[in-house]
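What follows is a set of notes on a single structure, which appears directly below.
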Amino acid sequence: MGQIKVDKNVGGIEGLCVIEPALHGDSRGYFMETYNQNDMEEAGFDYQFVQDNQSSSSRGVLRGLHFQKEYPQGKLVRVIRGRVYDVAVDIRKDSKTYGKWFGLELSEENRKQFLVPGGFAHGYLVLSDWAEFCYKCTDFYHPGDEGGLAWNDPDIGIQWPGICGEYSGNGSSDGYKMTDGSPLKINERDQNWSGIKEYVQ
């Protein structure tokens, strides 16, 4: 027990938490528990995770901002290789922080985990040459239930590190690139999400 440090309601947004597992290391390497249900319950969390996912992406890949409409997924996310900038946007319509975002760097070095409850749009940007991203979900993936928000919606105002460019009125990656000159890579679906005002309507 007591193998995690929890920073609750980060960014002033209720429910968003940063979790740091205890690391036990010596000259041989290290060991840590990446998930322990007893520790989570002791910290006040009552999540039942039903699915684990893993993705691999190269520098400049931006995935998001995603959510499920009828079957919201809570997520516990971490990075096991490389670095990403991870973002959650509050889309709970009765929330005092509706539309507010919080982001942080997750990496294999800092080993931080980001707990994102259901009711948030989520996305991330790969900052390293390559990154492997893992996350636990509280509900299964439901085809046809996907929703999304434009990653660059000025009404949300996410400050993505390492990206330069100018908003042209939509979620297209045209006119954007990474500050090191490498391309910003966003799939077609994620370039066509609308902004949060349209989501409300």
Side-chain angles (χ1 to χ4, degrees), residues 10-11 13 16 18 53-69 72-73 75-92 97-110 112-114 116 118-135 137 141-201:
V10 291
I13 304 175
L16 286 184
V18 177
N53 299 330
Q54 184 167 334
S55 66
S56 183
S57 308
S58 58
R59 180 191 299 274
V61 168
L62 194 154
R63 300 184 185 270
L65 301 163
H66 301 150
F67 56 90
Q68 290 196 159
K69 294 175 283 189
Q73 291 176 313
K75 297 176 180 178
L76 180 63
V77 304
R78 64 190 181 100
V79 168
I80 61 172
R81 178 186 177 193
R83 299 184 299 124
V84 311
Y85 189 70
D86 199 78
V87 171
V89 180
D90 190 350
I91 56 172
R92 301 170 296 183
T97 53
Y98 176 80
K100 188 174 181 180
W101 68 276
F102 178 81
L104 76 162
E105 184 173 305
L106 302 175
S107 72
E108 61 182 308
E109 286 84 16
N110 68 27
K112 291 181 179 179
Q113 300 180 6
F114 194 22
V116 181
F120 285 79
H122 173 260
Y124 64 92
L125 169 69
V126 178
L127 303 175
S128 53
D129 289 340
W130 206 262
E132 292 187 24
F133 186 87
C134 300
Y135 55 107
C137 300
Y141 169 70
H142 293 268
D145 192 41
E146 304 98 329
L149 296 174
W151 65 276
N152 59 347
D153 180 6
D155 290 317
I156 300 173
I158 298 170
Q159 298 174 16
W160 296 99
I163 294 179
C164 57
E166 192 168 318
Y167 181 67
S168 60
N170 56 50
S172 171
S173 61
D174 293 344
Y176 290 95
K177 62 181 179 180
M178 301 296 287
T179 51
D180 65 0
S182 58
L184 181 63
K185 294 169 274 190
I186 308 175
N187 71 17
E188 183 177 357
R189 182 188 65 167
D190 287 350
Q191 295 189 59
N192 289 316
W193 297 122
S194 59
I196 196 165
K197 286 182 179 177
E198 290 81 1
Y199 167 69
V200 172
Q201 296 169 0

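None of these values were measured; they are calculated from a predicted model. Values below: every heavy atom of this structure, side chains too, minus hydrogens, waters and symmetry copies.
Note: Y98 and Y199 have parallel aromatic rings, judged against thresholds of 30 and 60 degrees for the angle between ring planes. Relative ring orientation between W193 and H66 is described as perpendicular, the plane-to-plane angle rising above 60° on a 0-90° scale split at 30° and 60°.
The heavy-atom pair separating C137 from N53 by the smallest distance is SG-ND2, 3.6 Å. In plain terms, the two heavy atoms of L149 and I196 that are nearest each other are CD2-CA, 3.9 Å. The shortest heavy-atom contact between G60 and L184 is O-CD1, 3.3 Å. Between I156 and G99, the shortest heavy-atom contact is CG2-O, 4.0 Å. Across all their heavy atoms, S56 and E132 have their closest contact at OG-CG, 3.9 Å. Closest non-hydrogen pair, L65 versus A150, comes out as CD1-O, 3.7 Å.
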L104 vs V10, side-chain contact (heavy atoms from CB on, under 4.5 Å): CA-CA, chis, key distance, verdict: CA-CA 10 Å; L104 76 162; V10 291; over 6 Å; no

Verdict with supporting geometry, V77 and Q113, side-chain contact (heavy atoms from CB on, under 4.5 Å): CA-CA 5 Å; V77 304; Q113 300 180 6; over 6 Å; no

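Remark: the backbone N or O of I186 is paired with a side-chain donor or acceptor of Q191 at under 3.5 angstrom. A side-chain donor-acceptor contact under 3.5 Å links N152 to the backbone of N170. E108 contributes a side-chain N or O that, together with a main-chain N or O of G82, makes up a donor-acceptor pair within less than 3.5 Å. N110 contributes a side-chain N or O that, together with a main-chain N or O of S107, makes up a donor-acceptor pair within less than 3.5 Å.
V89 is listed as a side-chain neighbour of I158, based on a closest heavy-atom distance under 4.5 Å. Side-chain contact between R63 and V126 is absent, with no heavy atoms from C-beta onward closer than 4.5 Å. For the pair L125 and V87, the minimum side-chain heavy-atom distance is 4.5 Å or more. Counting heavy atoms from C-beta on, the side chains of R92 and T97 come closer than 4.5 Å. Looking only at side-chain heavy atoms (C-beta outward), P161 and L127 come within less than 4.5 Å of each other.
Among Y124, Y176, W101, Y85, the single residue meeting the ring pair (Phe, Tyr, Trp, His ring centres under 6.0 Å) criterion with W151 is Y176.
For S182, the side-chain hydrogen bond (donor to acceptor under 3.5 Å, both in side chains) test picks out D180, with sequence neighbours left out. With sequence neighbours left out, the ring-ring contact (aromatic ring centres under 6.0 Å, His included) criterion links F120 to no other residue. Partners of K177 under the side-chain contact (heavy atoms from CB on, under 4.5 Å) rule, at least two apart in sequence or in another chain, are C164. Considering only residues two or more places apart in sequence or on other chains, D129 meets the side-chain contact (heavy atoms from CB on, under 4.5 Å) condition with R59.
Residue pairs meeting the side-chain hydrogen bond (donor to acceptor under 3.5 Å, both in side chains) criterion with at least one member in residues 157-167, sequence neighbours excluded, do not occur. Pairs passing the salt bridge (Lys or Arg N to Asp or Glu O under 4.0 Å) check and including a residue from residues 183-195, sequence neighbours excluded, do not occur.
Side-chain contact annotation: Y141 with E146, donor-acceptor N/O pair under 3.5 Å present.
How far CG of N192 is from CG of N187: 9.0 Å, rounded to the nearest 0.5 Å.
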